[in-house]
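Here's the structure we're looking at; comments come further down.
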Amino acid sequence: APLQEKDLPPPPATLQAAAVDALWHRQLQKGRKRPGGTSLLDILFRAFGWRLALSLCCFLAWLGSLSMMPALTARLFKWLSEASDDTSSAQGLALAGALVGSYLLNCNAGCQWYQQNIRLGYELRAAASSLIFR
């Protein structure tokens, strides 16, 4: 027997993919009244837009911290080469602390960006299969 809609389990409510189905049917009703019709891209942005923004923020934090590390390292080496009895050790500690903080931000933002993209990919696949097979 061919696959029926009742054969497919509904997606878990914890996934944003569950909202795509309802958004799709609502958009279909509105799309009949609009000259542009229904847009799948519009539905995906409504369902996953905040996740895309969060992923973009994590990516920008990762990229910013990654670009700061060479500059901070160069400044720290310059400070070390000029170090004498009259140079402030507070400046060296501040540079070292900023370098460690930049590294920690880099690691944390990179991990969050990776996890957000992986989860978003899972949910987009669940949403696409739900829309295709329902």
Side-chain angles (χ1 to χ4, degrees):
L3 188 64
Q4 301 291 320
E5 185 176 345
K6 62 182 171 133
D7 297 334
L8 297 172
T14 57
L15 292 178
Q16 282 297 111
V20 172
D21 205 26
L23 282 171
W24 177 255
H25 290 296
R26 233 180 295 141
Q27 193 75 7
L28 278 177
Q29 296 300 325
K30 289 180 185 177
R32 292 187 181 123
K33 300 172 189 169
R34 282 191 337 202
T38 304
S39 168
L40 179 61
L41 191 60
D42 184 37
I43 291 170
L44 291 176
F45 273 123
R46 285 179 193 255
F48 301 107
W50 68 272
R51 301 281 300 278
L52 292 171
L54 180 64
S55 179
L56 181 64
C57 288
C58 288
F59 176 73
L60 291 175
W62 173 73
L63 193 61
S65 67
L66 190 63
S67 65
M68 287 299 295
M69 290 172 73
L72 288 171
T73 304
R75 295 239 358 234
L76 184 62
F77 285 156
K78 183 179 175 188
W79 178 84
L80 285 171
S81 67
E82 295 173 352
S84 63
D85 293 338
D86 59 337
T87 48
S88 169
S89 61
Q91 183 183 8
L93 286 174
L95 286 170
L99 187 61
V100 169
S102 177
Y103 179 74
L104 291 174
L105 179 65
N106 182 7
C107 292
N108 193 13
C111 286
Q112 288 301 316
W113 178 64
Y114 177 76
Q115 288 176 354
Q116 287 295 322
N117 282 341
I118 292 296
R119 183 163 170 91
L120 188 62
Y122 289 153
E123 292 198 23
L124 283 172
R125 280 185 287 240
S129 65
S130 175
L131 287 176
I132 289 171
F133 293 113
R134 288 193 190 278

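- A search for side chain to side chain donor-acceptor pair (under 3.5 Å) contacts involving Asn117 returns Ser55, not counting sequence neighbours.
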Give the table of side-chain donor-acceptor pairs shorter than 3.5 Å for residues 98-106, with sequence neighbours excluded, one pair per line with atom names and distance.
| from | atom 1 | to | atom 2 | distance (Å) |
| --- | --- | --- | --- | --- |
| Ser102 | OG | Ser65 | O | 3.0 |
| Asn106 | OD1 | Trp62 | NE1 | 2.8 |

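- Taking Ile118 as the reference, Tyr114, Tyr122 meet the side chain to side chain contact (heavy atoms under 4.5 Å, CB included) condition, with sequence neighbours excluded.
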Could you give the side-chain donor-acceptor pairs of residues 66-74 under 3.5 Å, partners two or more places apart or in another chain?
| from | atom 1 | to | atom 2 | distance (Å) |
| --- | --- | --- | --- | --- |
| Ser67 | OG | Leu63 | O | 3.3 |
| Ser67 | OG | Gly64 | O | 2.9 |
| Thr73 | OG1 | Met69 | O | 2.7 |

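- The side chain to side chain donor-acceptor pair (under 3.5 Å) check on Gln116 picks up Arg51, with sequence neighbours excluded.
- Atoms CG and CG, on Leu124 and Leu52 in that order, are 7.5 Å from each other to the nearest 0.5 Å.
- Cluster membership for Trp79 and Phe77, using ILVMFWY side-chain heavy atoms within less than 4.5 angstrom, is shared.
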